[in-house]
Amino acid sequence: MSELNKIALQILSNGKGILAADESNGTMTKRLDAVNIPSTEENRLFFRQTLFSSESMKDCIGGVILYDETINQLSSSNKTIPAMISETGAVPGIKVDTGAKILANSPEEKITEGLDGLRERLKKYYELGARFTKWRGVYNISKKYPSKLAIHTNAHALARYSALAQESGMVPIVEPEVLMDGDHSAEDCLNKTSKVIEKCFEDLILNKVDLTGIILKPNMILAGNQSKNKISNEEVSLKTIECLKKSVPSEVPGIAFLSGGQSEIEATENLNLINKNNNTNFIMTYSYGRALQQSALKFWSKDIKDIKGTQNVFNHRAKMCSLAAQGKWSNELENK
Ligand code: 13P
C-alpha cells in the first residue's frame with residue numbers, strides 16, 4: 001500500500017469524512033456577514049478553532065481542509081492549527097488553488113488558477129504539516145454549458161495540480177463541481193457531470209497520477225435549484241451512484257461529496273441513501289463546508305463566547321454525517 005493511499009484511507013475510513021473549512025477570506029466574509037459577525041482575522045480563527053477542538057473531531061472527522069490564513073495561525077493555546085488538528089487524529093489539508101477566474105473566450109464560464117509557483121507553495125504547506133490538498137474546478141450547467149473548452153481546461157489544471165501534490169507527498173482532492181444553479185433536469189446533471197469526471201480521469205491518467213492516492217470530491221446528481229422537476233432523495237442516490245460507477249476508475253479509494261448549497265438535512269439524507277445503495281467498492285463520505293458548519297455558525301453568532309454550546313451543535317451535525325457515511329442515519333435521530 002502506498003503512503004498516499006494510506007493517507008487517503010486514514011481520512012475516509014471508519015465513518016469519517018472531511019470538514020471543509022477552507023473558505024477564502026472573501027467567502028468567509030460572506031458567511032459571517034450573513035450572521036452579522038465582523039469578518040476579522042481573530043473572529044475567523046475563533047470560530048474555526050472552536051470546531052477543531054470539538055469532541056466529534058476524534059470519531060467523525062478524518063481530515064480538515066484549511067485556507068492559507070488558517071494554516072499559518074496559532075490557536076489560543078499557542079499551538080499551530082495543523083498540530084491542533086493532528087492531535088485529534090484528523091489529517092490537516094490545504095486548499096491550494098487561487099480561485100476561479102473568467103475563462104478566456106468563454107466569459108460565462110470559469111477556469112481555476114494557481115499552477116504558477118505551486119511546487120514551491122506545496123513544499124511550504126508540507127512543512128507546515130499538511131498531508132492533503134484541494135483544488136476546485138467549477139462548472140456552470142445549462143443547454144450550452146459546460147463547454148468543451150471549460151471541461152478540457154479545468155481537467156488539465158486539476159491533473160497538473162494532482163501530479164504536483166503527489167510529488168510533494170500529499171493526497172490531492174480532485175474537486176470538479178458542477179453547480180446546482182439553474183433549471184436543468186437531474187438527467188442533464190447526470191450526463192454533464194459524467195462528462196466532466198470522465199475528462200478529469202483522462203487527464204489524471206495522462207499525467208501519471210496514482211489513482212490509489214487521490215480523493216474525488218464531486219457534486220451529487222440533483223435537478224437544478226430552479227427546476228420544476230425535482231427528483232426524490234432515493235433517485236438522487238441512485239443517479240449519483242450510476243454516474244460514479246461509469247466515470248470513476250475502480251482504483252480510486254474514495255469519494256467525498258461536497259454539499260453544494262443543499263440544506264444540512266438534505267445533504268445528510270442523500271449521503272445516507274447513497275451508502276445504503278452503494279454497490280461499488282468506493283468509500284462514499286462527506287467533505288462538507290456549509291452542511292457541517294451552518295447551524296454551528298448560526299448558534300455561535302448569537303453568543304460568540306459560548307464555545308461549548310457551539311461545539312454541541314457541531315458535534316450533532318458531524319455525528320449525523322458520520323452515521324450517513326455508514327448508511328445508519330435516520331430522521332428520528334436528528335431530534336434526539
Ligand atoms: P460546500 O459543502 O459548502 O459545498 O463546500 C465544500 C467545498 O469545499 C467547496 O469547495
Side-chain angles (χ1 to χ4, degrees), residues 11-12 17-32 34-35 47-48 51 60-71 90-101 110-114 130 132-141 154 157-158 161-162 165 171-181 189 193 196-197 200 214-222 224-225 236 240 254-271 274 284-298 314 317-318 320-322 324-325:
I11 296 169
L12 304 173
I18 300 171
L19 167 60
D22 61 320
E23 299 86 357
S24 64
N25 285 349
T27 302
M28 196 58 189
T29 299
K30 267 192 235 154
R31 304 265 188 271
L32 290 169
V35 293
F47 177 66
R48 285 168 167 157
L51 304 187
C60 307
I61 306 295
V64 179
I65 320 174
L66 300 169
Y67 182 59
D68 181 72
E69 175 181 271
T70 323
I71 201 170
V91 181
I94 179 76
K95 167 197 176 77
V96 300
D97 67 66
T98 55
K101 309 285 157 58
K110 299 266 175 71
I111 175 72
T112 302
E113 295 189 347
F132 75 103
T133 58
K134 175 186 126 174
W135 180 290
R136 171 175 174 261
V138 58
Y139 307 82
N140 290 334
I141 171 167
N154 276 295
L158 277 161
Y161 137 78
S162 297
V171 168
I173 291 188
V174 176
E175 181 178 4
E177 177 175 6
V178 178
L179 293 170
M180 62 191 265
D181 304 337
C189 179
T193 302
V196 162
I197 295 178
C200 285
I214 73 162
I215 295 169
L216 179 69
K217 175 164 174 167
N219 49 284
M220 294 179 189
I221 303 301
L222 306 164
N225 55 9
V236 168
T240 301
I255 292 169
F257 295 97
L258 57 96
S259 58
Q262 298 179 76
S263 72
E264 290 178 342
I265 302 289
E266 206 182 345
T268 310
E269 182 162 7
N270 285 335
L271 179 64
I274 287 171
M284 305 268 204
T285 187
Y286 48 95
S287 176
Y288 292 165
R290 283 162 287 180
L292 270 173
Q293 299 183 58
Q294 224 154 19
S295 295
L297 182 64
K298 220 182 220 169
F314 176 70
R317 206 62 255 139
M320 293 298 110
C321 286
S322 173

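Heavy atoms only: backbone and side chains are in, while hydrogens, waters and symmetry mates are out. Position 1 is the first residue of the sequence; numbering continues from there. Both counts, for ligands and for their atoms, begin at 1 and track the order of listing.
Shown in contact with Gly260 at under 4.0 Å from a heavy atom are these atoms of ligand 1, numbered in order with element: 1 (P), 2 (O), 4 (O). Close contacts between ligand 1 and Ser287 involve ligand atoms 6 (C) [criterion: under 4.0 Å to a heavy atom]. The contact set between ligand 1 and Ala20, taken as ligand atoms under 4.0 Å from a residue heavy atom, comprises 8 (O). Each of the following atoms of ligand 1 lies closer than 4.0 Å to a heavy atom of Tyr288: 2 (O). Atoms of ligand 1 found under 4.0 Å from any heavy atom of Ser259 (numbered from 1 in listed order, with element): 1 (P), 2 (O), 3 (O), 4 (O).
With sequence neighbours excluded, the residues satisfying side-chain contact (heavy atoms from CB on, under 4.5 Å) with Glu177 are Arg136, Glu175, Leu179, Leu258. Under the side-chain contact (heavy atoms from CB on, under 4.5 Å) criterion, Pro218 pairs with Ile197, Leu216, Leu244, Ile255, Phe257, not counting sequence neighbours.
Counting heavy atoms only, Lys217 comes closest to atom 8 (O) of ligand 1 of the residues Gln294, Lys217, Arg136.
Protein heavy atom at the shortest distance from atom 5 (O) of ligand 1 is Gly289 N, 3.5 Å. With hydrogens left out, the protein atom closest to atom 9 (C) of ligand 1 is Glu175 OE2, 3.3 Å, a heavy atom.
The closest approach between Lys134 and ligand 1 falls below 4.0 Å for a heavy atom of the residue.
Scanning all heavy atoms of the two residues, the minimum distance from Val178 to Val196 falls at CG2-CG2, 4.2 Å. In this structure, Leu222 and Met180 approach most closely via the heavy-atom pair CD1-SD, 4.0 Å.
The shortest distance between side-chain heavy atoms of Phe132 and Ile65 falls below 4.5 Å. In this structure, Ile215 and Lys134 have side chains that are not in contact, with every pair of non-hydrogen atoms separated by 4.5 Å or more.
Between Arg290 and ligand 1, a contact under 3.5 Å exists for at least one N or O pair.
The number of heavy atoms from other shown groups lying within 6.0 Å of NZ (Lys30) does not exceed 12.
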